[in-house]
Asks: 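Next up is a structure, given as structure tokens.
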Amino acid sequence: MQVALGGTFDPIHDGHRRLFEHAFERGDVTVGLTSDELAQETRHEERHVRPFEQRRADLADELAALADEHDRSYEIRRLGEPTGIAVEEGFDVLVVSPETETGGKRVNERRRERDLDPLDIEVVDHLTAEDGGIVSSTRIVNGEIDEHGNLTPEREGRPRPS
């Protein structure tokens, strides 16, 4: 199986790790990592996102360990548009989170337009933080929680670059 997933992944947290684990359980993984431009366009809330190469390095570290554990391969590719790599031939499954499920449906519409078979869309539920909210990069950057969903009232969050 060839599995696709995509995102900004900044910072990586246990909810992302849940997505990655699910993907590697299914097959070899290709991750579309949003370009710097797309990362800003797709934010629901304005916040600083680290540069692509920094995010790519952290993502590669996470994926390498899982790939070894599952005896799978992985590839990281730059995403310049929301439907990105998943509209290409060669993929079987698209792993999404609940908020990106609609994007997965758009991927399949684009695939049909290109006379490609639709992908199986597998939704991985959010991870719940200590306070019952979801674990998200935005909450981590804002200083509300850590990457595991623990409350961090003493943190101020990620400073914006000057």
Side-chain angles (χ1 to χ4, degrees), residues 1-45 47-127 134-141 146-149 158 161:
M1 286 272 214
Q2 295 297 317
V3 183
L5 67 121
T8 301
F9 306 115
D10 183 47
I12 295 172
H13 54 70
D14 286 354
H16 293 139
R17 292 180 184 105
R18 180 184 277 190
L19 285 170
F20 303 152
E21 181 73 32
H22 185 90
F24 279 108
E25 288 172 356
R26 300 301 182 270
D28 294 324
V29 176
T30 301
V31 178
L33 182 62
T34 57
S35 66
D36 291 334
E37 299 77 24
L38 184 60
Q40 291 307 317
E41 290 173 22
T42 58
R43 298 278 53 86
H44 300 293
E45 296 180 30
R47 69 170 170 87
H48 171 65
V49 175
R50 293 177 311 135
F52 178 86
E53 289 305 326
Q54 290 176 7
R55 293 182 287 121
R56 186 185 195 295
D58 289 348
L59 181 59
D61 289 344
E62 292 283 338
L63 297 178
L66 284 167
D68 286 346
E69 181 182 324
H70 291 277
D71 195 27
R72 306 280 194 189
S73 66
Y74 75 91
E75 179 181 10
I76 300 171
R77 295 184 42 205
R78 184 183 305 265
L79 277 185
E81 62 178 82
T83 54
I85 61 170
V87 297
E88 299 173 6
E89 289 186 43
F91 293 107
D92 305 297
V93 176
L94 179 63
V95 174
V96 299
S97 60
E99 72 268 15
T100 59
E101 184 176 9
T102 300
K105 292 175 182 174
R106 274 197 312 272
V107 163
N108 276 340
E109 289 169 11
R110 298 250 342 254
R111 289 179 66 84
R112 283 185 199 95
E113 291 168 5
R114 295 177 175 203
D115 292 323
L116 296 173
D117 290 335
L119 299 176
D120 290 335
I121 298 175
E122 297 187 6
V123 181
V124 177
D125 287 333
H126 289 122
L127 185 65
I134 66 168
V135 174
S136 74
S137 295
T138 298
R139 293 190 70 202
I140 295 166
V141 168
D146 66 14
E147 68 183 276
H148 309 294
R158 177 188 288 172

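Hydrogens, waters and symmetry mates are skipped; everything else that's a heavy atom, side chains included, is used. Computed from a predicted model, the values in this text were never measured in an experiment. Positions are given from 1 along the sequence.
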Asks: Could you tell me whether Asp36 atom CG has more than 12 heavy atoms of other residues or ligands within 6.0 Å of it?
Replies: yes
Asks: Check the surroundings of atom CG in Asp61: do more than 12 heavy atoms from other residues, nucleotides or ligands lie under 6.0 Å from it?
Replies: yes
Asks: Would you compute the distance between atom OG1 of Thr102 and atom CD1 of Ile121 and round it to the nearest 0.5 angstrom?
Replies: 9.5 Å
Asks: Taking Ala4's backbone N and O only, do any of them form a donor-acceptor pair with Thr30's side chain (distance below 3.5 Å, no angle check)?
Replies: no
Asks: Should Val31 and Tyr74 count as side-chain neighbours, where that means a heavy-atom distance under 4.5 Å?
Replies: no
Asks: Which atom pair, heavy atoms only, marks the closest approach of Ala39 to Thr8?
Replies: CB-CG2, 3.9 Å
Asks: Any side-chain donor-acceptor pair under 3.5 Å between Ser97 and Arg18?
Replies: no
Asks: Flag the pair Arg55 / Leu59 as yes when at least one side-chain heavy-atom distance between them is below 4.5 Å, and no otherwise.
Replies: no
Asks: CG of Leu33 to CG of Leu5: how many Å apart, nearest 0.5 Å?
Replies: 10.5 Å
Asks: Please lay out, stage by stage, how Arg72 and Val29 fare under the test side chain to side chain contact (heavy atoms under 4.5 Å, CB included).
Replies: CA-CA 8 Å; Arg72 306 280 194 189; Val29 176; 5.8 Å; no
Asks: I'd like to check Gln54 versus Asp10 (side-chain heavy atoms, cut-off strictly below 4.5 Å). Are they in contact?
Replies: no
Asks: Considering only heavy atoms from C-beta outward, does the side chain of Ile85 approach that of Leu79 to under 4.5 Å?
Replies: yes
Asks: Could you tell me which non-hydrogen atom of Gly149 sits nearest to which non-hydrogen atom of Val135, and how far apart they are?
Replies: CA-CG2, 3.7 Å
Asks: Can you name the nearest heavy-atom pair linking Gly90 to Gln2, along with the distance?
Replies: O-CB, 3.0 Å
Asks: Kindly say whether Arg139 contributes a backbone atom to a donor-acceptor pair with the side chain of Ser136 at under 3.5 angstrom?
Replies: yes
Asks: Taking atom types as modelled and ignoring hydrogens, do the side chains of His126 and Glu99 form a donor-acceptor contact shorter than 3.5 angstrom?
Replies: yes
Asks: Flag the pair Glu147 / His16 as yes when at least one side-chain heavy-atom distance between them is below 4.5 Å, and no otherwise.
Replies: no
Asks: Taking atom CG of Asp68 and atom OG of Ser73, what is their separation to the nearest 0.5 Å?
Replies: 11.0 Å
Asks: I'd like to check Arg78 versus Arg56 (side-chain heavy atoms, cut-off strictly below 4.5 Å). Are they in contact?
Replies: no
Asks: Quick one: closest heavy-atom pair of Pro118 and Arg112, and the distance?
Replies: CB-NH2, 4.0 Å
Asks: Measure the CD-CD distance between Glu122 and Glu101 for me, rounded to the nearest 0.5 Å.
Replies: 11.5 Å
Asks: Filter on salt bridge (Lys or Arg N to Asp or Glu O under 4.0 Å), then keep only pairs touching residues 80-95, sequence neighbours left out; what's left?
Replies: Arg77-Glu88, Glu81-Arg110
Asks: To the closest 0.5 Å, what do you measure between CG (Leu94) and CZ (Arg26)?
Replies: 13.0 Å
Asks: Between atom CD of Glu69 and atom CD of Glu25, what is the distance when rounded to the nearest 0.5 Å?
Replies: 9.0 Å
Asks: For Arg50, is there an ion pair with Asp58 - N to carboxylate O distance below 4.0 angstrom?
Replies: yes
Asks: Mind running side chain to side chain contact (heavy atoms under 4.5 Å, CB included) on Leu66 and His70 for me, showing each step along the way?
Replies: CA-CA 6 Å; Leu66 284 167; His70 291 277; 4.3 Å; yes
Asks: A side-chain contact here means heavy atoms from C-beta on lying under 4.5 Å apart; do Asp14 and Arg17 qualify?
Replies: yes
Asks: Which residue pairs pass the ring pair (Phe, Tyr, Trp, His ring centres under 6.0 Å) test with at least one member in residues 17-40, sequence neighbours excluded?
Replies: Phe9-Phe20
Asks: Looking at every heavy atom in both Gly80 and Ser35, which two are closest together, and how far apart are they?
Replies: CA-OG, 4.1 Å
